[in-house]
Amino acid sequence: MNLLIKSATISDPGSPFYQQVADVLIEKGQIVRIAKKISADVETFDARGKHLSPGFFDLNCNIGELGLETKEDLKTGTQAAASGGFTGIALMPNTQPPVHSKAEIEYLMNRAKNNLVDVYPLGAISHKREGKDLAEMYDMYQSGAKAFTDGNRPVQDAGLMERALLYTKGFEALVLSYPEDTAIAGKAKVHEGEVSTLLGMKGIPSLAEELMVARDLYLAEYTGSKIHFTTISTERSVSLIKEAKKKDLPVTCDVAVHHLLLTDEALMGFDSQYKVKPPLRTKKDVKALLAGLKDGTIDAITSQHTPHEVEFKNVEFEVAEFGMIALQTAFSIALAAGLSVDAIIEKMAINPRKILGLDVPVIAEGSEANLVIFDESAEWTFDKTNNRSKSYNSPFMGQKLKGSILLTINNNKLFKS
């Protein structure tokens with residue numbers, strides 16, 4: 001793949017050409033030259049007024065393969081990722097069977113070979129994600145698993161989480177905690193507050209998340225192990241993690257992009273497309289999450305892409321499944337939440353890779369081209385004609401959004417959105 005990118009604004013803080021407008025020549029997937037003006041007899045892309053940055057990376061992506069391919073398979077999931085500017089995704093083990101042995105890790109990695117999007121399957125902490133016995137974590141690690149999590153199931157047993165932290169410490173792997181105390185959350189579907197009272201629905205209190213954050217911080221401190229909290233959503237969770245970082249504990253965390261924009265007030269119409277977990281919280285929580293991103297408490301932004309067939313979402317709110325598709329809209333929603341381009345690149349391209357211990361792409365001569373070109377001002381409408389996912393469960397379907405992904409490049413391949 002040979003390409004000349006003309007007059008791009010280079011938005012990569014690690015690049016020697018940071019914030020400069022330059023031409024970038026790519027030959028056979030490698031950046032061979034960056035200069036003010038380049039002439040070459042290759043395909044040309046006019047990027048005047050557009051940003052060129054490292055490709056985005058998603059730390060929390062759900063794709064149905066294995067076993068749930070009617071929701072999403074690797075082909076459609078990676079197409080949606082590329083269309084959203086993502087050149088790398090970490091797959092949650094929420095499949096049937098779950099990713100709890102090296103067989104599933106190796107299958108997914110082999111299936112994802114020669115793809116534009118780099119795919120990193122995460123292994124389950126517990127066998128079958130049942131929260132009882134540790135899974136074959138070291139075998140999965142040797143086969144390529146970069147981190148371990150029970151996905152959208154919290155590890156309720158403190159002893160099991162302690163053993164997981166101690167065990168992974170031996171080979172320097174990362175444990176991801178989905179913080180929810182199920183004994184407190186129960187079977188509730190929405191955030192506990194004024195809106196849940198108005199709706200007449202039992203709510204999930206913020207305490208359910210915050211107790212688990214506090215517990216796992218204590219366990220990480222006791223074991224001296226690394227821990228990452230995925231999709232935190234409350235003001236108090238931000239405060240707890242901020243205090244832990246002040247104590248130099250090896251803790252990181254991320255937030256789902258929709259929690260930066262939407263609140264539980266969106267549920268007043270009982271629209272199941274807004275039903276997610278953790279549930280949409282309050283304006284106060286959204287403000288705290290944005291502040292946490294700004295001061296460095298929150299390290300990364302994820303899509304939490306969660307596809308579902310229509311029969312699982314277009315039903316009564318109470319029985320609808322949790323989750324929304326978000327790979328193609330994540331960048332636009334981050335912009336709508338008020339984040340700057342530099343902040344988005346840090347939280348969606350650079351830090352996620354650092355958290356998993358992956359090499360961070362750099363826009364420099366001699367580097368492999370792992371890039372996205374986007375226009376922060378361009379408007380587009382997300383609809384069924386440009387949706388790359390198998391599923392359509394998004395509250396943003398049919399809406400006009402700001403911030404368009406134009407080109408995604410990686411592994412000597414190019415994707416035009």
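Nothing here was measured: the structure is a model prediction, and the numbers come from that model.
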**OP:** Taking the side chain as every heavy atom from C-beta outward, state whether Pro154 and Thr182 have any atom pair closer than 4.5 Å.
**Re:** yes

Subject >> Pair Glu72-His305, side-chain donor/acceptor within less than 3.5 Å >> reply: yes

**OP:** Evaluate side chain to side chain contact (heavy atoms under 4.5 Å, CB included) for Ser404 paired with Glu379, printing each intermediate quantity in order.
**Re:** CA-CA 7 Å; Ser404 177; Glu379 292 186 339; over 6 Å; no

**OP:** State, to 0.1 Å, how close Ser391 and Ile325 come at their nearest heavy-atom pair, and which atoms those are.
**Re:** O-CD1, 3.3 Å

Subject >> Heavy-atom pair with the smallest gap, counting every atom of Ile184 and Ala208 >> reply: CG2-CB, 3.8 Å

**OP:** Mind checking the CD-CE spacing from Gln273 to Met324? Nearest 0.5 Å is all I need.
**Re:** 8.0 Å

**OP:** For the pair Asp73 and Arg111, evaluate salt bridge (charged side-chain N to carboxylate O under 4.0 Å, His left out) and give the outcome as yes or no after the intermediate values.
**Re:** CA-CA 10 Å; Asp73 57 35; Arg111 283 276 291 142; 6.0 Å; no

Original post:
Among side-chain atoms of Ser332 and Thr329, is any donor-acceptor pair under 3.5 angstrom?
Top reply: no

Original post:
Any luck finding a side-chain donor-acceptor pair between Glu104 and Ser101 under 3.5 Å?
Top reply: yes

Original post:
If we ignore angles and hydrogens, is there a donor and acceptor under 3.5 Å between the side chains of Thr385 and Asp383?
Top reply: yes

Original post:
With a 4.5 Å limit on heavy-atom distance, are the side chains of Glu106 and Met109 in contact?
Top reply: no

**OP:** Give the C-alpha distance, both sets of side-chain angles, the deciding distance and a yes or no for side chain to side chain contact (heavy atoms under 4.5 Å, CB included) between Phe56 and Ser53.
**Re:** CA-CA 8 Å; Phe56 302 148; Ser53 88; 4.1 Å; yes

Original post:
Does Phe171 reach the side chain of Gln142, with side-chain heavy atoms less than 4.5 Å apart?
Top reply: no

Original post:
Do Phe396 and Phe382 have their ring centres less than 6.0 Å from each other?
Top reply: no

Original post:
If we ignore angles and hydrogens, is there a donor and acceptor under 3.5 Å between the side chains of Thr230 and Asn60?
Top reply: yes

**OP:** May I ask you to check whether Phe86 and Phe57 place their ring centres under 6.0 Å from each other?
**Re:** no

Original post:
Under 3.5 Å, is there a donor-acceptor pair linking the side chains of Glu210 and Ser237?
Top reply: no

Subject >> Heavy-atom closest pair, residues Lys75 and Thr78 >> reply: O-OG1, 3.2 Å

Original post:
When rounded to the nearest 0.5 angstrom, what distance separates CZ in Arg353 from CG in Asn370?
Top reply: 5.0 Å

Subject >> Atom pair CG/CD1 of Asp216 and Ile241 - distance to nearest 0.5 Å >> reply: 10.0 Å

**OP:** Could you tell me whether the side chain of Glu235 reaches within less than 4.5 Å of the side chain of Lys284, counting heavy atoms only?
**Re:** yes

Original post:
Do Lys146's NZ or CZ and the ring of Tyr120 fall within the cation-pi criteria of under 6.0 Å and 45°?
Top reply: no

**OP:** Please check if any side-chain donor atom of Thr297 sits under 3.5 Å from a side-chain acceptor atom of Asp295, or the reverse.
**Re:** yes

Original post:
Any side-chain donor-acceptor pair under 3.5 Å between Ser303 and Asp58?
Top reply: yes

Original post:
Quick one: are Leu407 and Val372 in side-chain contact, heavy atoms under 4.5 Å?
Top reply: no

Original post:
Phe374 vs His51 aromatic rings, parallel, tilted or perpendicular, using cut-offs 30° and 60°?
Top reply: parallel

**OP:** Could you tell me whether the side chains of Asn115 and Asn411 share a donor-acceptor contact shorter than 3.5 Å?
**Re:** no

**OP:** Determine whether the side chains of His308 and Lys71 contain a donor N or O and an acceptor N or O closer than 3.5 Å.
**Re:** yes

**OP:** Of all the heavy-atom pairs spanning Leu356 and Ala147, show the shortest one and how long it is.
**Re:** CD2-CB, 3.8 Å

Subject >> Among Asn62, Ile105, Leu74, the one residue meeting side-chain contact (heavy atoms from CB on, under 4.5 Å) with Leu91 >> reply: Leu74

**OP:** Please confirm whether Lys275 makes a cation-pi placement over Phe317, using NZ or CZ under 6.0 Å from the six-membered ring centre and within 45° of the ring normal.
**Re:** yes

Original post:
If you measure from OG1 on Thr234 to CG on Leu289, what distance do you get to the nearest 0.5 Å?
Top reply: 7.5 Å

Original post:
Hey, mind stepping through Thr95 and Glu65 against side chain to side chain donor-acceptor pair (under 3.5 Å) and telling me if it holds?
Top reply: CA-CA 7 Å; Thr95 52; Glu65 197 166 350; over 6 Å; no

**OP:** Give, for atom CG of Leu52 and atom CG of Asp23, the distance between the pair rounded to the nearest 0.5 Å.
**Re:** 11.0 Å

**OP:** Identify the heavy atoms of Cys61 and Leu327 that sit nearest to each other, and give their distance.
**Re:** SG-CD1, 4.0 Å

Original post:
Does the side chain of Glu130 come under 3.5 Å of the side chain of Ser126 through a donor N or O and an acceptor N or O?
Top reply: no

Original post:
Should the pair Tyr141 and Tyr138 be assigned to parallel (<30°), tilted (30 to 60°) or perpendicular (>60°) ring geometry?
Top reply: parallel

Original post:
Looking only at heavy atoms, which two atoms of His228 and Asp254 are closest? And how far apart?
Top reply: NE2-OD2, 2.7 Å

**OP:** Can you spot which of Ile31, Asp46, Ile409 makes a side-chain contact (heavy atoms from CB on, under 4.5 Å) with Ile5?
**Re:** Ile409

**OP:** State, without any angle test, whether Gln328 and Ser389 hold a side-chain donor-acceptor pair at a distance under 3.5 Å.
**Re:** no

Subject >> Qualifying residue, where the test is side-chain contact (heavy atoms from CB on, under 4.5 Å) with Tyr178 and the options are Arg153, Lys277, Met212 >> reply: Lys277

Original post:
For the atom pair CE (Met137) and OG1 (Thr168), what is the distance rounded to the nearest 0.5 Å?
Top reply: 5.0 Å

Original post:
Do Val255 and Lys347 have side chains that get closer than 4.5 Å, going by heavy atoms?
Top reply: no

